[in-house]
Structure formats: C-alpha cells, structure tokens
2 protein chains.
Amino acid sequence: MPRITEARREARRDQIRAAALRSFAAKGYQRTSIADVVTESGLSAGAIYGHYADKGELFAAVAQHVLSRRDDEIAAASHEGVPPSPYEILVLLTGGMARDLADGRVLVQLWSESTVDPALRAVVQRVVGSVRGVLGDALRNWFATRPDLAPDGPDAAAQLLLPVVMGLGQAFIMQRALLEDFDPDAYLAAAEAVLPR
Amino acid sequence: MPRITEARREARRDQIRAAALRSFAAKGYQRTSIADVVTESGLSAGAIYGHYADKGELFAAVAQHVLSRRDDEIAAASHEGVPPSPYEILVLLTGGMARDLADGRVLVQLWSESTVDPALRAVVQRVVGSVRGVLGDALRNWFATRPDLAPDGPDAAAQLLLPVVMGLGQAFIMQRALLEDFDPDAYLAAAEAVLPR
DNA sequence: GTCTATATCAGGATAGAC
DNA sequence: GTCTATCCTGATATAGAC
C-alpha cells in the first residue's frame, strides 16, 4: 500500500469535496448538477465517480466535513483555562460556522435533505449526537464553577440547558441564511440576555 | 363574475393545495413529482396546471397557507385577557405548528428552498416579517405588565428578546423534524428555564 | 375546467479509450 | 485514475379532445 498514492487519493477527494461545497453553496444541493461540480473542480465526471459513488455520497462527505470541526473547537475551549460560559459557548459555535461557511445555506439544505434521505439523516443524527455530547460537557464544566446556579448538580443543570443552546445555535445559522436583514449582534445580544451568567 | 363559480374555483385550489402539502410532507418538495400530486389529489396534470402556473408556485401557495395562521393565533391570544408570557407565546407558536403539521419537514424544506429560490425567499421574508411584528407586539404587551423586567421600557425589552423567541420557535420545528429522539417537553422545559417569568 | 397523451429536456451515471 | 462521449431515466409542462 504505497503511501504517496494514498495521500494523492485523499488530496483528490478533498479537491472534489471542496469544489462540491462551493457549488452547493452557490446553487443549492438539488440544483447543482454533476456538470457544475465538474466545472468547479476542473476535473471530469469520470474522475468524480471514481471517488464518490453518487451525488448523495458526495453531499454526505461535504456535510460530514463541515460539521465535524465544531466538536473539536468546543471541546478544546472547555478543557483549557477557564470554562466558557453558555453564552461564550454559543459564540464559539456560531463563530466557527461563520468562519467555515460564507453563509449557512448549505447547512440548511443539509437539514432539509436529511429530512427525506436516510443516509444523510444518519450523518446528521450522528454529528448532532456528538455535538450534543461535547456541548453538554462544556456546560457541565461551567456549571461546576457556578454551583449557585446548579442546585441539582452541574449535570442536571447542563442537561436542562442543552436544548436551548443547541437550538439557539441552529436558529442563528437559519436566520443568517434566510433573512435579508439578519443582525448577528442583535441576535447574540438577545441570547446573552437570557442565558445564565 | 358568478359567485358560485368563484367559490368552486377556490375549493379546487384548496383541494390541490392540500394534496400537494400531503405529498411534499411525505417525500419532500424536490422529490415529489407533479405525478405524485396528481395521484394524491385524484385530479389530472391538466387540472393542476389550470390553477397553478408551475410547481414552484404551488409550493409557494402551500407555504403561504401553512405559515399564515401563526400570526392570527398569537395576535388573538395577546389581545384577549392576560397577555401571554414569552414562554406561553413560544408554546402557542410551537403548538400551532404541531397541530397543523404532522411534522415540520415541509417547513424545513421550505426554509431550505427559499435559500435558493427568490420567489420563495420573498414569501418567507414577508411571512417572517409579519410573525416578527405580531410576536414583538405580544412581547411588548407582556413587558408592559412587568415593568420591573423592562427598565428601558417594554418596547426595548421586546425588541431585545424577539430574536430569541423566534429562534427557539424555529429550532423547535427543526429538531422535531430532524432528531429521532427529540423530546418536546424537555425542549420546552429548557426554554421555560431561560425565558423571563 | 379537466382529461389523456406526449414532446421535450435536463441531468445522473456509465462505457471504453488512454 | 481520468477523460470524452453518450445512454437513458424521469419529470415538467403542453397540446388538443371532450
């Protein structure tokens, strides 16, 4: 198993994945044809199908890649130095998304598609589960420093708050993608006002 | 302009719209063909195109219809009797959605599609704007009864909180549509814990 | 207004050469 | 592994009869 060949293969897959992401972001998953990805990547149809079985698998790879890094960021932040507060965790979450993606359209499309495609649903399910775990961890760490806000213990407090932090993160993505006049600062200010401090 | 004929026409449009909603909910907008709507409605392609110019217009009509009733519910509730609290407003919002739609998949698909289709984007934009107005109104009414929580006046407090209530509503829909193990009660409990009381 | 039947076309996927 | 060329399915929208 020659090492260089393997690396090359991975590089090709990355190249295709990146081109697909750009294409999907521009026109939406359903509307971008393989021909679009061909153009964007500078490769050919044959090359693409040599690396991904079909369009759906390509989207799954894109999704996996985009979503995967959230955990790492949050996990890292919550284990080094002072545990971030729920609000800071939210900022971390949304900031990371904003950095990786010009806008959140691809994510919204992913969610939509996973509503109807079992394979994608599984991907989303898994990644969301993972984010949930990391997020819960981070919240627990913070509540541990604030026992006054966690009468039933940091664990219970974290579990209770979890859906809200997740939800506010998702909604941020959505509103940014959907609303012409979305104001990120106003949104985060509102979140800061309600989240425990 | 004969009155009965006009009513019939409207009834037909409703029939088609309802069939389309069922079809879209089952397979997703993009994947349902006109043939599916034909089957579901018991009519023919010709009949459908006699009432809607194309598939997109049909989806817009469905969307408009599904989204339109939220305002009325909330507006009604916030003007009769005791103004509902932010939490109660959220319950109203999510409860109404849950009642009208078996699941929120069509809404998620609508959001996704509006990411890329200008006509749908306009529909969403308009309806969200309207919901925002009504929601803001309702929040203002409540803050007016709780001046202790609105140091800068009910208006400012309502404006600040608005994005969070909207966001939590949207995220509820999303998570319900996406997550196998979504727990509505836990979600609302979390929301209740953070929203002002 | 509605039906049947179909023209037309886009796009996913593949075959075979290199 | 990649390219070119192409097959073929499936779906939108329409034409024309009733």
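Each chain gets a letter, A, B and so on, in the order its sequence line appears, and its residues count up from 1.
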* How is A/S44 classified with respect to the nucleic acid when contacts are heavy atoms under 4.0 Å: base, sugar-phosphate, or nothing? -> base

* Separation of D/dT14 P from B/D54 CG (nearest whole Å) -> 9 Å

* In whole angstrom, what separates B/I16's CD1 from C/dG1's C1'? -> 10 Å

* May I ask you to evaluate whether A/R9 reaches the phosphate of D/dG1, defined as a side-chain N or O under 4.0 Å from OP1 or OP2? => yes

* **Electrostatic pair A/E88-A/R197, nearest N-O below 4.0 angstrom** => no

* So what does B/G50 touch, heavy atoms closer than 4.0 Å: a base, only the sugar-phosphate, or nothing? -> nothing

* Asked: Only one of A/K55, A/E113, A/Q109 forms a side-chain hydrogen bond (donor to acceptor under 3.5 Å, both in side chains) with A/Q30, so which one is it?
  -> A/E113

* Structure fact -> Between OH of A/Y52 and C1' of D/dT2 the distance, given in whole Å, is 16 Å

* Structure fact -> Checking D/dT14, D/dT12, C/dT2 against the side chain of B/S33 (C-beta onward), the nearest is D/dT12

* In whole Å, what is the span from the CD atom of A/Q15 to the C1' atom of D/dT2? -> 12 Å

* Electrostatic pair A/R132-B/D181, nearest N-O below 4.0 angstrom -> yes

* Listed nucleotide nearest any side-chain atom of A/K55, set D/dA13, D/dA11, C/dG12 -> C/dG12

* To do: Could you please spell out the steps behind the salt bridge (charged side-chain N to carboxylate O under 4.0 Å, His left out) verdict for B/D14 and B/R17?
  => CA-CA 5 Å; B/D14 281 2; B/R17 203 179 17 68; 2.7 Å; yes

* Asked: How close or far is atom C1' of C/dG12 from atom CD of A/E57, stated in whole angstroms?
  -> 14 Å

* **Given C/dG1, D/dG1, C/dT14, the nucleotide with the shortest approach to the side chain of A/Y49** => C/dT14

* Asked: NA contact type, B/T32, heavy-atom cut-off 4.0 Å: base, sugar-phosphate, or nothing?
  -> sugar-phosphate

* Given atom CD of A/E10 and atom P of D/dG1, what is their separation to the nearest angstrom? -> 11 Å

* Structure fact -> Judged by nearest nucleotide, the residue sitting upstream toward the 5' end of DNA chain C, A/R31 or A/A45, is A/R31

* To the nearest Å, how far apart are A/I48 CD1 and D/dG1 P? -> 15 Å

* Asked: So, is A/R12 close to the D/dG1 phosphate, meaning a side-chain N or O under 4.0 Å from OP1 or OP2?
  -> no

* Asked: Could you give the CD1-to-P distance, from B/I34 to C/dA5, as a whole number of Å?
  -> 19 Å

* Asked: Hey, is the main chain of B/I16 close enough, under 3.5 Å, to the side chain of B/Y52 for a donor-acceptor pair?
  -> no

